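The structure appears below as structure tokens.
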Protein chains: 2
Amino acid sequence: MSDRLEWKNLRERRMAEPGAAETYEATRLAFELGQEVRHLREGHGWSQSQLARAAGMTQSAVARFEAGGTVPTLPVLERLARALDRRLDVRFAANADAA
Amino acid sequence: MSDRLEWKNLRERRMAEPGAAETYEATRLAFELGQEVRHLREGHGWSQSQLARAAGMTQSAVARFEAGGTVPTLPVLERLARALDRRLDVRFAANADAA
DNA sequence: CCACCTCATAGCGTCAATGCTATGGGATGA
DNA sequence: TCATCCCATAGCATTGACGCTATGAGGTGG
């Protein structure tokens with residue numbers, strides 16, 4: 001169980017890469033979005049397959065995304081938002097000290 | 001001037017494609033983000049080259065993005081946000097009737 | 001024990017975004 | 001007129017996200 005190419009490992013490796021604060025942030029953002037979608041999906045009482053169908057993708061794609069296996073693209077986020085009856089909101093917020 | 005592969009044409013073509021409401025939305029979102037970045041950049045009094053350097057990319061990439069030539073990825077948005085001293089904010093907002 | 005559902009992953013082909021270099025045109029100033 | 005700066009595009013290679021199929025492990029119910 002050393003170098004299995006699991007998504008989680010991929011993610012952790014990516015976040016551990018040096019000098020790439022943006023990549024780190026993007027990966028973290030992807031992870032958080034994945035969790036949010038999972039919560040929303042469970043809130044609807046849907047299985048990954050059902051959400052997949054509603055969003056025009058496959059169950060494996062949903063699983064990959066929820067696990068934070070890849071950094072999603074805007075079109076995908078848009079489709080998921082629609083399927084979950086949400087509105088995708090992307091913007092450059094003022095940097096109030098920020099974390 | 002019929003089939004030149006300009007970004008603007010690409011974008012319009014993409015937005016005109018049938019049956020792809022999500023793609024349409026994503027393309028529109030990309031366009032709006034591009035404009036926002038342009039405003040922020042001008043607010044800083046920076047040239048595309050300066051912003052490019054600050055965000056770790058090239059002037060051509062900035063121009064392409066500002067023109068809405070492509071649907072940007074989260075890592076790129078993240079880098080631009082940092083360079084412009086902003087915080088990238090992505091989330092699934094409640095669909096209050098929405099447009 | 002078997003059938004079935006849910007979720008996690010692997011593997012692979014395709015496509016599009018990104019990164020880069022190089023132009024070209026429009027201003028502007030020496 | 002020439003040197004410069006800014007922005008728009010082209011063209012090309014690389015890379016990573018996505019889509020799909022298939023499999024495997026864990027539950028659950030008959």
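Note on naming: letters A, B, ... go to the chains in the order of the sequence lines (proteins, then strands), and numbering restarts at 1 for each one. Keep in mind that what you see is a predicted model, and the values were worked out from it rather than measured.
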**Item:** Atom-pair distance (CD on B/Gln48; C1' on C/dT18), nearest Å
**Value:** 16 Å

**Close approaches to DNA chain C from residues 30-46 of chain A, in residue order (heavy atom, under 4.0 Å)** = A/Arg38, A/Arg41

**Fill in**
note: A/Leu74, atom CG; C/dA16, atom P; distance rounded to Å ~ 15 Å

**Asked** Is there a path from B/Leu80 to B/Leu40 through hydrophobic residues (I, L, V, M, F, W, Y) whose side chains come within less than 4.5 Å of each other?
**Response** yes

**Request:** Check for a donor-acceptor pair, side chain of B/Glu42 on one end and backbone N or O of B/His39 on the other, with a separation under 3.5 Å.
**Result:** no

**Asked** Does A/Thr70 place a side-chain N or O at less than 4.0 Å from the phosphate oxygens OP1/OP2 of D/dC18?
**Response** yes

**Asked** What integer distance in Å separates A/Glu66:CD from D/dC18:P?
**Response** 14 Å

**Prompt:** Please give, in whole Å, the distance from D/dC5 P to B/Arg53 CZ?
**Reply:** 11 Å

**Request:** Determine the contact category for B/Val62: base if any of its heavy atoms lies under 4.0 Å from a base atom, sugar-phosphate if only primed atoms, P, OP1 or OP2 are that close, otherwise nothing.
**Result:** nothing

**Least distance between heavy atoms, A/Arg87 atom then A/Ala81 atom** = C-CB, 4.4 Å

**Item:** Heavy-atom pair with the smallest gap, counting every atom of B/Leu88 and A/Leu29
**Value:** CD2-CD2, 4.1 Å

**Backbone N/O of B/Gly56 and side chain of B/Arg79: donor-acceptor pair under 3.5 Å** = yes

**Asked** Quick one: ring pair (Phe, Tyr, Trp, His ring centres under 6.0 Å) pairs with a partner in residues 46-82 of chain B, sequence neighbours left out?
**Response** B/His44-B/Trp46

**Prompt:** Nearest-Å distance, CD (B/Gln50) to P (D/dC6)?
**Reply:** 7 Å

**Asked** Within the structure, does a side-chain N or O atom of A/Thr73 lie under 4.0 Å from either OP1 or OP2 of D/dC18?
**Response** yes

**Request:** Nearest whole angstrom, please: distance from the P of D/dC18 to the CD of A/Glu78.
**Result:** 13 Å

**Fill in**
Separation of C/dG19 atom P from B/Arg79 atom CZ, nearest Å, is 4 Å

**Request:** Any chance you could measure B/Arg91, atom CZ, to A/Glu32, atom CD, to the nearest 0.5 Å?
**Result:** 13.0 Å

**Asked** Roughly how far, to the nearest 0.5 Å, is the CZ atom of A/Arg38 from the CD atom of A/Gln35?
**Response** 7.5 Å

**Asked** With the sugar-phosphate defined as primed atoms, P, OP1 and OP2, and the base as all remaining atoms, what B/S/- string results for nucleotides 20-25 of chain D, 5' to 3', for protein heavy atoms under 4.0 Å?
**Response** BB----

**Prompt:** Atom CZ in B/Phe92, atom CG in A/Leu84: separation rounded to 0.5 Å?
**Reply:** 7.0 Å

